[in-house]
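Here the structure is laid out as structure tokens; the discussion comes afterwards.
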Amino acid sequence: MSERSMASEKAQTNETATLTDNQTGESLTLPVLHPTIGPRVIDIRRLYAEMGMFTYDPGFTSTASCESDITFIDGEEGVLLHRGYSIEDLAEKSDFLEVCYLLLYDKLPNKQQKVDFENTITLHTMLHEQMTSFFRGFRRDAHPMAIMVGVVGAMSAFYHDSTDINDPYQRMVASHRLIAKMPTISAMAYKYSIGQPFVYPRNDLSYAENFLHMMFSVPCEEYKVSPTLAKAMDRIFILHADHEQNASTSTVRLAGSSGANPFACIAAGIASLWGPAHGGANEAVLTMLQEIGSKERIPEFIKRAKDKDDPFRLMGFGHRVYKNYDPRASVLRQSAHDVLDELGKRDEPLLELAMELERIALEDEYFTDKKLFPNVDFYSGIILQAMGFPTSMFTVLFALARTVGWIAQWREMIEDPVQKIGRPRQLYTGEPKRPYVPIEERS
Ligand code: CMC
């Protein structure tokens, strides 16, 4: 039996929970599973077969959709672990490719494994040359996320030799290709939008350096990557690498559960990430800060955020899982200062405004009572803008970094023996069966 197929046995206990239907008096005793850490889980798989009932959980707030060994979040305590390592340790002591290895292969690489992995990823950084024509089919003013959804989906048409999901070797090659090519595709989407020539990857540079080079260099001038900016970029990639079963990751898993190829699944994840409640939030934070404009106007916006009749929300605040300071936001708060110092923008008004907004919100009972704290997006937009990224690229950077998380979760799902096609049920409240009404009799 493989290690993964043993996994559910790891969680088995003698504990049970009993569900009683007060209508019929019928009871069902269900197993209670124990995770390594985190809340216990009631295994309801037999519920429909034995009691003919579904559970109702819009937004899946109480539902574990899968078993996973990759990432753990304790939202109450503000803890994020990848394969058991804290995000703070990884952000400080590791680099992005090492974190990719950790997410994909369950352990930190030793020196030789690290060199081999870096070489493998580097070997895949170039795109099939014909894909450049694919870019040219887009309008110049297309949102880069629209281009990303299209081009990443189109990878399935270019890399046929890594689309057989039942072949572990092809799954591995697809994983490496996606991690390696996302920076190239992202930078190309940007270059296309501003009418500059595409810049080929440089394999003598690190992952983050190479991305900055493809984004900001032009063929007619020398471009030197600042080590501070490359470090900040790498840290942003680490902080976004995975976040367990969020909307886009669940989308990737759901798409993959039908047997779709990995490139199509990642394109689906990119589409899901695009929304302002998910990956689009850092773009929305910056727009909000610009709209607030000055510290004097903060109370007006805080008032609006608290008003039930106003759809305005404080962007970059609140999280489905974190009911404490998002640990990624603390790391980025520090990075924001480092980057702005390096760029000589220490007095950047938007950073001052953001810090003041955070201070005022955290002293307000509305936010503290509802446990609304700054999330990862609160500071990332300020850093990215200072580094020269247009706001339309913010979510693209999130997608680039999250690709490894999506692919690690997708691979885990494919290798899970209990995996089956995802098919939620529903609470139907529409019309019961009724006779068809001919058009001349309709009111
Ligand atoms: N500003 C004002 N009120 C808020 C906010 C906010 N940012 N977030 C939540 N609330 C209120 C909400 O109105 C509700 O109040 P009530 O209980 O009185 O109806 C309560 O807090 C709970 O909110 P919810 O919408 O039920 O919570 P949720 O877990 O469904 O939503 C969220 C989480 C992230 C979608 C939400 O907090 C939000 O819209 N935040 C702003 C957008 C944002 O920053 N998103 C980035 C998320 S982190 C990046 C990622 O992981 O993708």
Side-chain angles (χ1 to χ4, degrees), residues 57-63 70-76 78-80 82 87 145 236-252 268-289 291-292 298-333 354 357-358 360-384 391 394-406 409:
D57 185 17
F60 311 117
T61 54
S62 297
T63 297
I70 303 174
T71 293
F72 172 77
I73 302 173
D74 182 337
E76 297 298 327
V79 171
L80 169 59
H82 292 316
I87 192 66
M145 281 298 275
I236 287 179
F237 290 160
I238 293 176
L239 295 176
H240 289 85
D242 191 46
H243 213 226
E244 54 119 307
Q245 312 310 321
N246 53 76
S248 56
T249 303
S250 299
T251 303
V252 170
I270 296 172
S272 169
L273 186 76
W274 195 354
H278 193 3
N282 54 8
E283 189 174 338
V285 171
L286 217 62
T287 312
M288 177 191 73
L289 291 174
E291 201 189 334
I292 298 176
I298 292 176
E300 180 194 325
F301 281 82
I302 295 269
K303 196 167 159 224
R304 283 186 59 194
K306 289 158 44 173
D307 182 354
K308 282 259 153 279
D309 299 323
D310 189 330
F312 174 77
R313 280 187 169 198
L314 218 52
M315 298 314 288
F317 260 75
H319 197 274
R320 170 58 61 79
V321 180
Y322 292 118
K323 303 301 168 198
N324 201 325
Y325 211 99
D326 179 342
R328 303 167 302 170
S330 323
V331 178
L332 278 186
R333 199 176 197 270
L357 180 62
E358 178 188 334
I360 295 178
L362 293 182
E363 284 174 1
D364 191 307
E365 275 181 8
Y366 172 91
F367 293 93
T368 48
D369 287 356
K370 290 187 191 300
K371 299 188 175 173
L372 299 169
F373 293 90
N375 59 48
V376 68
D377 292 313
F378 193 68
Y379 286 105
S380 63
I382 295 171
I383 303 178
L384 296 175
T391 46
F394 291 2
T395 321
V396 172
L397 297 180
F398 194 156
L400 186 172
R402 184 55 58 85
T403 294
V404 63
W406 289 331
Q409 301 266 354

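Start at 1 and go down the list; that is how both ligands and their atoms are numbered.
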- request: Apply the test salt bridge (charged side-chain N to carboxylate O under 4.0 Å, His left out) to residues D364 and K306: give CA-CA distance (whole Å), side-chain angles for both, the deciding distance (0.1 Å), then the verdict.
  value: CA-CA 10 Å; D364 191 307; K306 289 158 44 173; 2.8 Å; yes
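- Remark: the S62 side chain and the D57 side chain contain no N/O donor-acceptor pair separated by less than 3.5 Å.
- Side chain to side chain, S272 and T251 meet the donor-acceptor criterion of an N or O pair below 3.5 Å.
- Looking at P374 and F317, their side chains come closer than 4.5 Å, going by heavy atoms from C-beta outward.
- Below 4.0 Å from some heavy atom of D377 lie the following atoms of ligand 1, by number and element: 46 (C), 48 (S), 49 (C).
- Looking at atom 19 (O) of ligand 1, its nearest protein heavy atom turns out to be K308 NZ, 3.3 Å.
- When only interatomic distances are considered, the shortest N/O to N/O separation between K323 and ligand 1 does not fall below 3.5 Å.
- Closest to atom 32 (C) of ligand 1 among all protein heavy atoms lies R313 NH1, 4.3 Å.
- Rounding to the nearest 0.5 Å gives a distance of 8.5 Å between CG of L332 and CG of D326.
- Close contacts of ligand 1 with K370, meaning ligand atoms under 4.0 Å from a residue heavy atom, involve 11 (C), 15 (O), 16 (P), 17 (O), 18 (O), 20 (C), 21 (O).
- Of the protein's heavy atoms, F317 O, 3.4 Å lies nearest to atom 41 (C) of ligand 1.
- Atom 42 (C) of ligand 1 has as its closest protein heavy atom M315 CE, 3.3 Å.
- Scanning the protein for heavy atoms near atom 33 (C) of ligand 1, the closest one is R320 N, 3.6 Å.
- Protein heavy atom at the shortest distance from atom 48 (S) of ligand 1 is H319 CD2, 3.3 Å.
- Annotation for ligand 1: atoms under 4.0 Å from non-hydrogen atoms of A281 are 43 (C), 44 (O), 45 (N), 46 (C).
- The aromatic rings of F373 and Y325 are tilted relative to each other, their planes meeting at an angle between 30° and 60°.
- At a cut-off of 3.5 Å, with distance as the only test, a side-chain donor of Q245 or Q409 sits close to an acceptor on the other residue.
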field: Verdict with supporting geometry, N246 and T249, side chain to side chain contact (heavy atoms under 4.5 Å, CB included)
entry: CA-CA 5 Å; N246 53 76; T249 303; 3.1 Å; yes
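- The six-membered or imidazole ring of H82 lies away from that of H243, with a centre-to-centre distance of 6.0 Å or more.
- Protein heavy atoms are absent from the space less than 4.0 angstrom from atom 22 (C) of ligand 1.
- Proximity of I382 to L286: side-chain heavy atoms (C-beta onward) are separated by under 4.5 Å at one or more points.
- The protein reaches atom 28 (P) of ligand 1 closely, with a heavy atom under 4.0 angstrom from it.
- From the protein, the heavy atom lying nearest to atom 8 (N) of ligand 1 is L372 CD2, 3.6 Å.
- Close approach of ligand 1 to Y366 (heavy-atom distance below 4.0 Å) involves ligand atoms 2 (C), 3 (N), 4 (C), 11 (C), 13 (O).
- Listed by number with element, the atoms of ligand 1 under 4.0 Å from a non-hydrogen atom of G316 are 43 (C), 44 (O).
- Given atom 34 (C) of ligand 1, the protein heavy atom at minimum distance is G318 O, 3.7 Å.
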